[in-house]
Amino acid sequence: MKKLSLIFLLFLSVAFSQLRVGLDVSRTTDISVKWMGMEAGEKGSPDGMGLTLGYEQTLLLGLIGVGAEYNLSTGGGDDHEEHDDHGDDHGDDHDDDHDDEGGAGGPGNFAFVYGVAKLPVGFPMVRGIVRLGTTLAHQEEGLKGGLSYGLGVRVKPPVLPVGVEAHYTMHNFEPNSADFPSGAEVSASYSSVNLTVTYKF
C-alpha cells in the first residue's frame, strides 16, 4: 500500500510540472535614496530585454504550487558604445536619451522563488495567476533581494502540453546597510511585463 501511495505521489508531481521560458518585453527600474534632507533617484527603462528560465510544480489539480525562475538581463550597453564613436553631436543626443531612460546596463541578473496560485476565471482554457515570493540575488551594488509579487493570466488548451502566460511582476530590493550612509532611506524596485511559453510534462 505504501508503494502504491508513493507511486501515486510521484505521478502527481510529474503530471503538474512545467518548464518555462519567457521574455521581459517591458521593464522599469526605480531607485531612490534619501539622506540628511537630500533625495536622489533614478527611474527608467533599461536597454534590451530580460530572459527568464523557470520551473514550476503544482498540486491540488494544478491550482496551488511553487516555482523558481532565473532572470538574465540582455543588457544593451554595447549599442550605446557604438553610437558614441560616431561623433560628439550624435553622442550627446544619445546620452540625453539614455539619461531619460535610466541606464543601458539593465537591472542585472537575479533569481525568484515563489508560491503560485492558478485560479479559474470563468473562461475555458484560461486561468488567473497570482505569484508571491522572494528575490534571492541581485547584481546591483548595495542592494539585496526582497519581497516580490505578480499577477497574470494563463491560456492552455486541455490536450496540448504547451501553454502561454502573460505576467506583471514587481521585484522589490532591500538596501545593504553597509553600503549606504547611516540613516539613509533606500528603496529599489524592478517591474516587468513578461510573456512566457510553458511546457507541461
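- Proximity of Val193 to His167: side-chain heavy atoms (C-beta onward) are nowhere separated by under 4.5 Å.
- Across Phe173 and Ser189, no two heavy atoms sit closer than the pair CD1-CA, 4.2 Å.
- Side-chain contact check for Asn71 and Asp24: at least one donor-acceptor pair (N or O, by modelled atom type) lies under 3.5 Å.
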Could you give me the CA-CA distance, side-chain angles and deciding distance for Val25 and Leu195, then say whether side chain to side chain contact (heavy atoms under 4.5 Å, CB included) is met? CA-CA 7 Å; Val25 296; Leu195 299 179; 4.1 Å; yes

Table please: side-chain donor-acceptor pairs of residues 145-155 below 3.5 Å, with sequence neighbours left out.
| residue | atom | partner | partner atom | Å |
| --- | --- | --- | --- | --- |
| Ser148 | OG | Thr135 | OG1 | 2.5 |
| Ser148 | OG | His171 | ND1 | 3.2 |

Step by step, would you call Val162 with Val197 a side chain to side chain contact (heavy atoms under 4.5 Å, CB included)? CA-CA 7 Å; Val162 177; Val197 176; 3.8 Å; yes

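- In the model, Tyr55 has a side-chain atom that pairs as donor or acceptor with a side-chain atom of Ser17 under 3.5 Å.
- Note that the OH atom of Tyr190 and the CG atom of Asn172 stand 13.5 Å from one another [nearest 0.5 Å].
- A side-chain N or O of Asn194 and one of Thr196 form a donor-acceptor pair less than 3.5 Å apart.
- When all heavy atoms of Ser191 and Met170 are compared, the closest pair comes out as CB-CE, 3.8 Å.
- In terms of heavy atoms, Arg27 sits closest to Ser73 at NH1-OG, 3.3 Å.
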Per-pair distances, 0.1 Å, donor-acceptor, side chain in residues 110-124, under 3.5 Å, sequence neighbours excluded:
| residue | atom | partner | partner atom | Å |
| --- | --- | --- | --- | --- |
| Tyr114 | OH | Glu56 | OE2 | 2.7 |
| Tyr114 | OH | Arg131 | NH1 | 3.4 |
| Lys118 | NZ | Gln18 | OE1 | 3.4 |
| Lys118 | NZ | Glu56 | OE1 | 2.8 |

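- For the pair Leu72/Leu53, no side-chain contact is recorded, criterion being any heavy-atom separation below 4.5 Å from C-beta on.
- Salt bridge present: Arg20 and Glu165 bring a charged side-chain N and a carboxylate O closer than 4.0 Å.
- Taking 4.5 Å as the limit, some side-chain heavy atom of Asn109 sits within range of a side-chain heavy atom of Tyr70.
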